[in-house]
J.: 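Below is the structure I would like to discuss, written out as structure tokens.
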Amino acid sequence: MAEPTEGLPRALVLTVSDGVAAGEREDLGGPAVAALLTGIVGAIDRLTVPDEPERIAAAIRDALAAGTRLIVSTGGTGLGPRDRTPEAIRPLLEMEIPGFGEVMRAAGRAVTPLADLSRSFAGAIGSTLVIALPGSPRGAAESLTALRPLIPHALDLLAGRTREHPRREAAGGPPR
Amino acid sequence: MAEPTEGLPRALVLTVSDGVAAGEREDLGGPAVAALLTGIVGAIDRLTVPDEPERIAAAIRDALAAGTRLIVSTGGTGLGPRDRTPEAIRPLLEMEIPGFGEVMRAAGRAVTPLADLSRSFAGAIGSTLVIALPGSPRGAAESLTALRPLIPHALDLLAGRTREHPRREAAGGPPR
Amino acid sequence: MAEPTEGLPRALVLTVSDGVAAGEREDLGGPAVAALLTGIVGAIDRLTVPDEPERIAAAIRDALAAGTRLIVSTGGTGLGPRDRTPEAIRPLLEMEIPGFGEVMRAAGRAVTPLADLSRSFAGAIGSTLVIALPGSPRGAAESLTALRPLIPHALDLLAGRTREHPRREAAGGPPR
């Protein structure tokens, strides 16, 4: 029997949190993120690491080696001394997608001015899309909701499926 | 007889597209961009290059050597494997103007969420303004329409004409 | 008797302007910035330097050595040949806070399209928050007004006071 997720890309939801990794806090962000990915990805791996840049980077590298096409982290994008997710992931990116960071904050700004404290961002490594969300479940969900309609298009484009035909331009398809 | 464009800056419209360079596709973006520049620039040069970073960079360098004050590219700002315009141009910039990228996507976002897939940006090399637009004619036109009122001011400021006098501040002139 | 500013962080307002430093122009931006900081910071130092990157950087370093927790500059974020505040300050930052630059321009954009000419930005050096505002008093005030509600939160987070407790997440506190 065909799985309903057959053909959909494999994803990793990476919870970055000292407290969750130590078993001192419940992971609320990871499940919220995974729930929002349902329907646009296939198998979803889940992993938790502490706010250690090397641990974060290793998780990304392992996921790439496993053929993961979408990596979504939650946590470590704030301003605290232990918030090092951008510093851990950004050096691995081959391109940054500035509009993703901008739209996550623009969406959050409509709800709370605190959204601008988040250093959320996204980019690509090869054909893998990497999105770094805030750690609060609400912030993560708001940010991912803003990006969700873009993810299938981004994955197609990164894979070289540019949907290039005359009508695309006439219809105002994805900018390139 | 004086040309109506006398004194206006020289511009280059650079179409970045494998398909157009190979003669396999019609260039729709370049003419759309050139039409929108009419009235704010003088002579407009037109050039097409494939999505090759070295060809893009060489076109920029040649335009600078020719005294071009405004370079507007269209194409290669997407997420595809051949979309390397940001990687080709950004290393040449002496300053990036982040608000230009932000306002292009903010304007596009009002029309389609796909605008956030564009890695459009702008910056300066000496007193030359460089703007990298999306490749779709509609996306390029929307982005350039958002920037158009800013271009004459930006060119003046880059050339050191700061319009600095007491009334400017009282009137809330260009921020510096 | 306790000062009303007791416990509030020490701030520096840094006016960056050749004209003000030479005594040829009145400093209108510095006082406007200082007035807007009243109530959220304690002692406010004031300093003026010309648009010389080394002078700007030295002022930042001196303020850090003096225990300043908030540094707000005004001037030198435009596109002119002498506007080098981003180039002077950015290399000193340990993290950039992209949402601060975005919200400053988004707020300005509602008033004037010229806001997008500003290369305003913010970031952190250790637990010190650094904000670079435009030079025009109106632009500086508009930008700082947009950021003002975020500054106490940002200073708390930078100092490691993450206000982390179960309700914070439920209440949608600052993203991290």
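These numbers come from the heavy atoms of this one structure, side chains and all, not from hydrogens, waters or symmetry mates. Proteins get letters first, then strands, A, B, ... in listed order; numbering begins at 1 in each. This structure is a prediction, so every number in the text was calculated from the model and none was measured.
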J.: Measure distances from Glu87(A) to the heavy atoms of chain C and classify the residue's part below 4.5 Å as side chain, backbone, both or neither.
T.: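 The answer is the side chain of Glu87(A).
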J.: Should the pair Glu96(C)-Arg119(A) be classified as a salt bridge under the 4.0 Å nitrogen-to-oxygen rule?
T.: no
J.: Take Leu117(A) and Ile97(C), measure what side chain to side chain contact (heavy atoms under 4.5 Å, CB included) needs, and give me the verdict at the end.
T.: CA-CA 7 Å; Leu117(A) 295 169; Ile97(C) 310 173; 5.6 Å; no
J.: Would you mind telling me which of Leu147(C), Val103(C), Leu158(C) has the largest number of heavy-atom pairs within less than 4.5 Å of chain A?
T.: Val103(C)
J.: Find the distance between CG (Leu129(C)) and CG (Leu79(A)) and round it off to the nearest 0.5 Å.
T.: 8.0 Å
J.: Which bit of Ala154(C) is near chain A, if near means a heavy-atom gap under 4.5 Å: side chain, backbone, both or neither?
T.: both
J.: Run the numbers on Glu102(C) and Arg109(A) for side chain to side chain contact (heavy atoms under 4.5 Å, CB included), then give the verdict.
T.: CA-CA 11 Å; Glu102(C) 291 163 16; Arg109(A) 201 176 292 151; 3.7 Å; yes
J.: Quick check: closest heavy atoms across Pro81(A) and Gly160(C), and the distance to 0.1 Å?
T.: CD-CA, 3.6 Å
J.: Looking at every heavy atom in both Leu150(C) and Pro113(A), which two are closest together, and how far apart are they?
T.: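 Looks like CD2-O, 3.0 Å.
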J.: Which atom pair, heavy atoms only, marks the closest approach of Gly80(A) to Met95(C)?
T.: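 That closest heavy-atom pairing would be O-CE, 4.5 Å.
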J.: What part of Ala122(C) gets within 4.5 angstrom of chain A, counting heavy atoms only: side chain, backbone, both, or neither?
T.: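 Neither; nothing under 4.5 Å.
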J.: Side chain from CB out, backbone as N, CA, C, O: work out which of these in Arg90(A) comes under 4.5 Å of a heavy atom of chain C, or both, or neither.
T.: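 The answer is neither part of Arg90(A).
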